Amino acid sequence: MKIVGGPKHGEEITLGGKPGGKEFVPPDGFVIEYHFTPTGKVDVKFGPEPAPKPSVPGQYERYQARAGAWHYIEAEPG
């Protein structure tokens, strides 16, 4: 699924259940969250989230599945 908005705009996120298997297309409302740790690792969480938190640039990137694409959840202004 394509990413809409944010720092990865236009890139693809593909989720699969097993190697060579069919792509998992999440239903609307699912969120994928990237947490960038100080040690250079990236922790990824994925699942349904009715009220997702905003992104935090450089620390958390959050995207929500809507209408067949991943939509960037904007950071809070300020």
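Quick caveat: nothing in here was measured; it's all calculated off a predicted structure.
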Using every non-hydrogen atom in the two residues, find where [X] and [Y] come nearest and quote the distance to one decimal.
X	Y	value
Ala75	Pro57	CB-CD, 3.7 Å
Met1	Val25	SD-CG1, 3.8 Å
Pro7	Tyr72	CD-CE1, 3.6 Å

Is the shortest side-chain heavy-atom distance between [X] and [Y] below 4.5 Å?
X	Y	answer
Ser55	Tyr60	no
Phe36	Glu61	yes
Val42	Thr37	no

If the threshold is 4.0 Å, N to carboxylate O, is there a salt bridge linking Glu11 and Lys2?
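No.
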Around atom CD of Glu76, are there more than 12 heavy atoms from other residues, nucleotides or ligands closer than 6.0 Å?
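Open: at most 12 neighbouring heavy atoms sit under 6.0 Å from CD of Glu76.
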Nearest 0.5 angstrom please: Arg66 CZ to Asp28 CG, how far?
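Arg66 atom CZ to Asp28 atom CG measures 8.5 Å (nearest 0.5 Å).
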Tyr63 OH to Ile13 CD1 distance, which is reported to the nearest 0.5 Å
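If we round to the nearest 0.5 Å, Tyr63:OH and Ile13:CD1 are 6.5 Å apart.
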Do Trp70 and Val56 share a hydrophobic cluster (ILVMFWY, side-chain heavy atoms under 4.5 Å, transitive)?
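No: no chain of side-chain contacts under 4.5 Å links Trp70 to Val56.
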Both conditions, 6.0 Å and 45 degrees, for the charged tip of Lys45 above the ring of Tyr34: are they met here?
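Checked: cation-pi criterion not met.
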For Glu49, which of Val31, Ile32, Ile73 qualifies under side chain to side chain contact (heavy atoms under 4.5 Å, CB included)?
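Testing Glu49 for a side chain to side chain contact (heavy atoms under 4.5 Å, CB included) against Val31, Ile32, Ile73 leaves exactly one candidate, Val31.
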Could you check Glu74, His71, Glu33 and say which one makes a side chain to side chain contact (heavy atoms under 4.5 Å, CB included) with Arg62?
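It is Glu33; the other options fail the test.
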Residue pair Phe46, Phe24: steps toward the side-chain contact (heavy atoms from CB on, under 4.5 Å) verdict
CA-CA 12 Å; Phe46 172 77; Phe24 172 69; 3.4 Å; yes
